[in-house]
Amino acid sequence: MVSPAIALAFIPFIITLIIRYRHYFLLFYRAVMVRRIQDYLTGMPREERAFQYVMLHAIPGDPQHVLNTFDQYCLHCEHLSNIGPQKGKTLDRLVYENAPLNVLELGTYCGYATIIIAQALPLGARLYTVDYNPRKAAVAEKVIRLAGFDDDTVELLVGPSDEVIPQLKDKHGVQTLDFIFMDHGKRCYLRDLQLLEEVGLLQEGTIILADNVLFPGAPHFMQYVKSSGKFQCKMHRGHLEYFRYIRDGMAELTYSKLL
């Protein structure tokens, strides 16, 4: 048995931990506890609940209004792992400035970042977006079409990224990629980057934007891109989507195999 005196001695330490990491506790509550409660009460996944909210409140065919509606849901209802408005502005700017014709997104999720990319693309460009989860992909498909983008602009591919990437050339006619956005499993970042290079989809000047490299982090991926000599790297620092006090960032890489 722990004596009352020893137990009391730990109280200041516990209080300090709660105060220091309160934003992470709040993230756990909103992202995990609320989701499980709502899953039980509604009998449907949170992505489907979010889509129903968007369907009810968003203006069809208006991409920005769809994004704003998602933001309202995430701020006031449930947390979703979208890129969010702050980092979304960086993604939008990079796509607009570089005007890529062939774009790959790894990690469609609900289609939030897909809409940001699609609305910034130049005329005639095509976005291939990949998600391994059929249920989430089905929600994303509805969101993308609600925003007004058809198959000619956005093609949704369902399957593990390491299976889809080798098929892009032969099955989908993609010879090289101009822009790649990574927002799927962080442990897959390094594997998929090396796979993209191996199958010849990277070309001189290809831009890779990787989200969440600070939180939850992708240390092996970052170590590789900094030590390989094949990439110019720039960090866009900010905060985790919808949590302004949790630091995060995106890594912008420019491929240059001649470095």
Side-chain angles (χ1 to χ4, degrees), residues 83 87-109 113-114 116-132 153-157 159-238 248-259:
I83 187 176
K87 291 185 289 183
K89 290 179 181 178
T90 302
L91 174 60
D92 177 79
R93 176 177 57 80
L94 289 174
V95 174
Y96 180 79
E97 291 177 350
N98 290 280
L101 294 178
N102 288 308
V103 180
L104 175 66
E105 179 189 22
L106 299 176
T108 315
Y109 192 46
T114 312
I116 293 176
I117 297 170
Q119 69 177 349
L121 288 176
L123 188 65
R126 190 164 178 80
L127 167 61
Y128 301 88
T129 181
V130 181
D131 202 284
Y132 79 96
T153 303
V154 180
E155 183 172 355
L156 177 59
L157 308 175
S161 54
D162 60 335
E163 294 181 9
V164 174
I165 289 172
Q167 299 174 355
L168 287 174
K169 282 197 172 187
D170 295 335
K171 195 171 180 180
H172 301 281
V174 181
Q175 297 308 308
T176 55
L177 292 163
D178 304 306
F179 192 100
I180 299 162
F181 178 57
M182 291 184 167
D183 195 15
H184 56 324
K186 313 315 163 194
R187 294 182 180 180
C188 301
Y189 279 15
L190 177 56
R191 179 201 69 190
D192 289 346
L193 181 65
Q194 292 174 328
L195 182 57
L196 286 161
E197 184 178 13
E198 180 184 321
V199 299
L201 286 168
L202 301 184
Q203 61 180 335
E204 190 81 14
T206 296
I207 294 174
I208 302 101
L209 186 65
D211 192 19
N212 303 127
V213 295
L214 297 182
F215 183 85
H220 298 297
F221 170 80
M222 293 304 299
Q223 182 181 15
Y224 172 77
V225 301
K226 290 178 179 179
S227 63
S228 67
K230 301 175 183 178
F231 302 91
Q232 298 174 358
C233 183
K234 178 181 179 180
M235 185 68 70
H236 298 275
R237 297 183 181 274
D248 193 15
M250 298 191 294
E252 177 191 347
L253 315 176
T254 304
Y255 181 67
S256 180
K257 58 185 177 183
L258 300 179
L259 284 176

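Heavy atoms only: backbone and side chains are in, while hydrogens, waters and symmetry mates are out.
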Close side-chain approach of M222 and C233, heavy atoms under 4.5 Å: yes
Hey, are the side chains of D92 and K89 touching, using non-hydrogen atoms and a 4.5 Å cut-off? no
Tell me the closest heavy-atom pair linking K87 and D248, and the distance in Å. NZ-OD2, 2.8 Å
Test side-chain contact (heavy atoms from CB on, under 4.5 Å) on L157 and Q167 and set out the steps. CA-CA 11 Å; L157 308 175; Q167 299 174 355; over 6 Å; no
Taking only residues two or more places apart in sequence, or in another chain, which ones meet R187 in a side-chain hydrogen bond (donor to acceptor under 3.5 Å, both in side chains)? none
Compute the ring centroids of Y109 and H184, then answer whether they are less than 6.0 Å apart. no
If we ignore hydrogens and angles and just use 3.5 Å, is the side chain of T108 paired with the main-chain N or O of V130 as donor and acceptor? yes
Picking from T114, L121, I180, what satisfies side-chain contact (heavy atoms from CB on, under 4.5 Å) with V103? L121
Tightest non-hydrogen contact, residues A120 and V95, listed as CB-CG1, 3.7 Å
What distance separates L190 CG from H220 NE2, expressed to the nearest 0.5 Å? 8.5 Å
Between R126 and V174, is any pair of side-chain heavy atoms under 4.5 Å apart? no
Drop me the distance from L104's CG to T176's OG1, to the nearest 0.5 angstrom. 12.0 Å
Out of curiosity, L202 CG to L193 CG, how far, rounded to the nearest 0.5 Å? 6.5 Å
Run V164 and Y128 through side-chain contact (heavy atoms from CB on, under 4.5 Å) and show every step you take. CA-CA 10 Å; V164 174; Y128 301 88; over 6 Å; no
Side-chain donor/acceptor of D183 to backbone N/O of G107, under 3.5 Å: no
Does the side chain of F215 reach to within under 4.5 Å of the side chain of K186, using non-hydrogen atoms? no
With a 4.5 Å heavy-atom cut-off, do Y189 and D211 have their side chains touching? yes
Are the side chains of E204 and S256 in contact, using a 4.5 Å heavy-atom criterion? yes
Atom CD in Q175, atom CG in N102: separation rounded to 0.5 Å? 9.0 Å
Stepwise side-chain contact (heavy atoms from CB on, under 4.5 Å) test for D192 and D162: CA-CA 6 Å; D192 289 346; D162 60 335; 4.1 Å; yes
Can you tell if the side chain of F181 reaches within under 4.5 Å of the side chain of I83, non-hydrogen atoms only? yes
Just verifying a value: how many Å separate D131 CG and L156 CG, rounded to the nearest 0.5 Å? 7.5 Å
So, for P166 and V199, which heavy atoms are closest and what is the spacing to 0.1 Å? CA-CG1, 4.4 Å
All heavy atoms of Q203 vs all of Y255, minimum pair found to be O-CD2, 3.3 Å
Value rounded to 0.5 Å, distance of CG in L127 from CG in L101: 12.5 Å
Assess, by modelled atom type and distance only, whether the side chains of T129 and E155 contain a donor and an acceptor separated by less than 3.5 Å. no
Note: F179 and T206 closest approach over all heavy atoms is N-CG2, 4.5 Å
Looking only at heavy atoms, which two atoms of G200 and K169 are closest? And how far apart? O-NZ, 3.4 Å
According to side-chain contact (heavy atoms from CB on, under 4.5 Å), who are the partners of N98, at least two apart in sequence or on a separate chain? L94, P100, I207
Taking C-beta and beyond as the side chain, do L196 and M182 meet within less than 4.5 Å on heavy atoms? yes
